[in-house]
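Chain letters run A, B, ... following the sequence lines, proteins first, then strands; residues in each count from 1.
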Amino acid sequence: MRNKEVSEKFYELAEIAELAGENPFKVKAYLEAARVIENLTVPIEDLAASGKLEEVKGVGKSIAQKIKQYLTSGRIDKLEELKKQVPETLLQMEKIPGLGAKRVKVLYEKLDIRTIDDLKRAAEEGKIREIEGFGEKTEKNILEGIGMMRDKKSDRVSIGIALPLAEKIVESLRNHSPVEKILVCGSIRRMKDTIGDIDILVTSNKPDKVMDYFASLDVVKEVIAKGDTKTSIVTFENLQVDLRTVEPDSFGAAIQYFTGSKQHNVRLREIAIKKNLKLNEYGLFDLDTNRKVAGITEESIYEKLGLQWIPPEMREDTGEVELAMDGKLPRIVTIDDIKGDLHVHTNYSDGSDSIEGIARKAMKMRYEYVVLADHAKALGIAGGLSMEKYKKEKDEVDTLNKLLKPFKIFLGTELNILANGEVDFKQEELSFFDLCLAGIHTGMSQDREQITQRIVKALGNEYVKIIVHPTGRIIGGRDEYSVDIDAIFAEAKKYNKGFEINASFERLDLNEVNSRKATESYGLKIEIGTDAHSIASMDNMRYGVGVARRAWLTKKDVINAKTLKEFERYLKS
DNA sequence: GCCGTTTTCGGCCCGACTGTTTTCAGTCG
């Protein structure tokens with residue numbers, strides 16, 4: 001699977017081409033290709049091998065040829081050629097706010113500025129203001145920009161941090177200021193796994209009161225800008241939050257616009273043009289009469305464009321617009337479809353709550369069942385259990401099941417896939433459990449081949465039904481371990497094994513691309529489990545469902561969307 | 001460089017903001 005790698009090459013090609021002053025539409029074509037390849041659910045090397053590259057939308061003859069060249073030789077002639085024209089070091093300068101390709105190119109050509117250090121020196125010496133089109137203010141902004149860039153730390157946080165914060169702000173605004181409609185838009189509404197900033201839209205007949213109250217919230221560390229229609233603040237988590245007021249008759253258009261994604265919006269505007277309409281954040285307009293034909297609700301905009309309303313999680317321009325046009329959008333899974341949590345830790349291992357507490361929480365969430373999956377013995381650091389301890393746990397489960405009927409608690413285990421691919425217990429011991437999950441918790445620095453083989457071996461174990469947190473990534477913590485995900489999916493297909501979307505917001509692993517690939521290309525089933533170590537974190541299910549929805553999963557793709565009866569049948573299969 | 005419900009050439013999203021301009025280019029989201 002070299003999709004990511006190829007995609008990155010084309011992002012690089014686009015950036016360098018832009019700096020070199022290539023035709024902007026050519027640059028756009030490279031960018032589009034990079035984005036499409038990134039989201040492919042089949043390995044690009046397979047497409048190349050079977051001559052199907054040009055069937056991918058956005059890949060034509062020339063780009064197909066470049067992909068083939070890269071796959072076979074590791075280089076793209078065009079890219080090497082461009083690198084001779086413009087130094088690669090110019091790319092870092094584009095990260096300075098206010099500097100784009102055009103100005104970086106001018107700075108390079110006029111003053112031979114190649115690095116940020118060159119730039120800083122030139123600005124301090126007052127040379128930049130002398131260039132045509134630049135001035136004193138620009139020079140000052142560049143210096144400030146360099147400082148800001150260097151101060152800036154990690155720029156995106158997990159949705160598990162951003163969403164609760166956004167909800168808290170919305171709640172305060174609702175209770176203490178004169179808002180009418182209010183909605184969190186942007187990547188939060190699309191349930192992206194990481195969030196760069198928070199966008200909140202409101203309507204109000206006293207917008208200044210809303211703005212004042214917003215700026216005075218206790219989460220505010222700094223007010224960046226405060227105006228009539230937009231106020232920006234930074235929270236103590238270093239997240240920027242923008243609050244905008246919009247006119248009520250534009251609210252639908254505004255939430256559509258600010259929800260994005262950018263690519264999705266571009267597609268919508270293209271469709272609008274073909275229908276002699278124009279779409280912007282104020283509404284959908286007839287180009288002849290300039291009259292607004294939709295805008296109060298989001299639904300009306302999609303309808304007038306001849307599209308089904310598209311769930312925000314799907315708005316990434318990865319094929320959803322075409323389906324909506326044909327009225328064929330899939331019914332993606334919802335939180336209400338979830339009937340159980342298959343990955344919860346109790347205080348028998350490193351969880352903090354009792355079995356009964358967990359069961360009652362699950363019942364409160366309207367689940368029909370829950371699977372306890374405490375760590376097995378090899379993970380000593382997390383209180384991994386011996387078979388004797390599991391037997392004790394099982395006794396408690398049996399007692400509670402009589403009490404809580406028809407709700408059902410299952411006894412599972414979270415096995416460790418050891419360095420040699422074996423798991424903690426012998427086969428005859430594994431038969432004791434209702435469900436065996438297995439995951440890698442140690443030896444993550446093994447090479448790609450070793451880790452792949454470990455998981456392949458675990459998949460061959462007849463008792464292991466689901467691989468948990470399959471790539472091991474921690475958002476903002478550690479990268480995924482090196483693993484051949486296609487090899488694993490292909491192997492799992494043989495035995496009908498499942499994979500987890502770990503709903504813990506630091507993991508969200510599988511991610512959306514791999515989840516979509518698992519179901520779409522391999523027909524695999526997905527389990528969404530919270531990996532909760534406390535009752536409170538069982539609520540993280542919504543983040544896992546968010547990933548599933550972004551991966552277009554339907555109810556039938558999700559193991560824990562089964563009813564209790566269906567789930568019991570699954571366990572016996 | 002790609003693409004096709006006003007197709008194989010001539011298009012390719014939209015508006016706000018800023019700073020440099022005297023009518024607009026560049027950047028951003």
Side-chain angles (χ1 to χ4, degrees), chain A residues 10 13-14 17-37 53-67 76 78-79 82 93-107 128-142 144-145 155 185-187 190 196-199 201 224-225 227-230 232 240 242 244 246 250 253-254 256-285 287 295 301 305-307 317 321-322 325-326:
Chain A
F10 277 90
L13 180 58
E18 193 181 18
L19 277 173
E22 287 267 12
N23 177 343
F25 297 111
K26 196 188 273 193
V27 174
K28 193 187 155 211
Y30 292 149
L31 267 181
E32 180 64 13
R35 206 182 59 81
V36 169
I37 293 164
L53 282 173
E54 286 182 53
E55 287 174 22
V56 177
K57 199 163 151 284
V59 176
K61 207 171 172 182
S62 170
I63 288 180
Q65 189 272 329
K66 289 180 175 63
I67 294 171
I76 299 174
K78 176 84 181 178
L79 180 59
L82 290 171
M93 280 199 278
E94 285 189 85
K95 294 193 180 117
I96 298 164
L99 277 192
K102 292 262 171 61
R103 289 176 145 180
V104 167
K105 186 163 182 254
V106 170
L107 288 166
I128 288 177
R129 67 182 71 180
E130 290 163 13
I131 306 174
E132 196 184 337
F134 290 71
E136 254 181 87
K137 195 76 197 282
T138 304
E139 194 172 78
K140 191 167 146 266
N141 287 345
I142 285 175
E144 277 175 12
D155 44 358
C185 296
S187 49
R190 303 201 315 277
D197 55 25
I198 299 176
D199 268 313
L201 265 56
I224 301 174
D228 297 337
T229 61
K230 179 181 163 187
S232 297
Q240 182 169 334
D242 294 342
R244 297 164 203 275
V246 301
S250 294
Q256 197 290 314
Y257 175 82
F258 284 106
T259 296
S261 69
K262 190 181 161 188
Q263 286 303 319
H264 175 87
N265 288 355
V266 167
R267 285 300 311 280
L268 259 48
R269 285 176 224 142
E270 284 170 357
I271 290 170
I273 290 170
K274 286 185 185 141
K275 292 185 181 294
N276 201 36
L277 300 166
K278 182 177 72 170
L279 177 63
N280 58 30
E281 59 263 53
Y282 305 107
L284 185 64
F285 298 87
L287 275 176
I301 291 168
L305 290 173
L307 302 171
D317 189 28
V321 175
E322 287 76 4
M325 217 177 270
D326 294 339

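The phosphate of dC12(B) has neither OP1 nor OP2 within less than 4.0 Å of any side-chain N or O from Lys26(A). For the OP1/OP2 pair of dG15(B) and a distance below 4.0 Å, the side-chain nitrogens and oxygens of Lys278(A) include at least one atom meeting the criterion. An OP1 or OP2 oxygen of dA16(B) is reached within less than 4.0 angstrom by no side-chain nitrogen or oxygen of Tyr257(A). Here Lys262(A) does not reach the OP1 or OP2 of dG29(B): none of its side-chain N or O atoms lies under 4.0 Å away.
Look at Lys262(A) and Asp317(A) and you find no salt bridge, because none of the NZ, NE, NH1 or NH2 atoms lies under 4.0 Å from a carboxylate O. Of the charged side-chain nitrogens involved, at least one lies within less than 4.0 Å of a carboxylate oxygen, so that Arg267(A) and Glu322(A) count as a salt-bridged pair. Here Glu22(A) pairs with Lys78(A) in a salt bridge; the nearest charged N to carboxylate O distance falls below 4.0 Å.
Among the heavy atoms of the strands, none lies under 4.0 Å from Val104(A). When heavy atoms are screened at a 4.0 angstrom cut-off, Pro24(A) is found touching no nucleic acid atom at all.
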Strictly under 3.5 Å: I want the nitrogen or oxygen pairs between protein and nucleotides 19-22 of chain B, one per line.
residue	atom	partner	partner atom	Å
dG19(B)	OP1	Lys137(A)	NZ	3.0
dG19(B)	OP1	Asn141(A)	ND2	3.1
dG19(B)	O3'	Thr138(A)	OG1	3.1
dT20(B)	OP1	Gly135(A)	N	2.9
dT20(B)	OP1	Gly135(A)	O	3.4
dT20(B)	OP1	Thr138(A)	N	3.2
dT20(B)	OP1	Thr138(A)	OG1	2.8

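Of the candidates dC3(B), dC2(B), dA16(B), dA16(B) carries the atom nearest the Glu281(A) side chain, counting heavy atoms from C-beta on. Of the candidates dC3(B), dC12(B), dA16(B), dA16(B) carries the atom nearest the Tyr282(A) side chain, counting heavy atoms from C-beta on. For Ser62(A), counting side-chain heavy atoms from C-beta on, the closest listed nucleotide (dG1(B), dT27(B), dT6(B)) is dG1(B).
dT8(B): no Watson-Crick or G-U partner with both key distances under 3.5 Å is found in any strand.
Nucleotides dC14(B) and dT20(B) place their P atoms 29 Å apart, quoted to the nearest Å. Comparing the P positions of dA25(B) and dT21(B) gives an interatomic distance of 13 Å, to the nearest angstrom. The same atom, P, is picked in dC12(B) and in dG19(B); the two are 30 Å apart, to the nearest Å.
For Leu99(A) and dT27(B), the CG to C1' distance is 10 Å, given to the nearest whole Å.
A donor atom on one side chain and an acceptor atom on the other are not found under 3.5 Å apart for Asn141(A) and Glu139(A).
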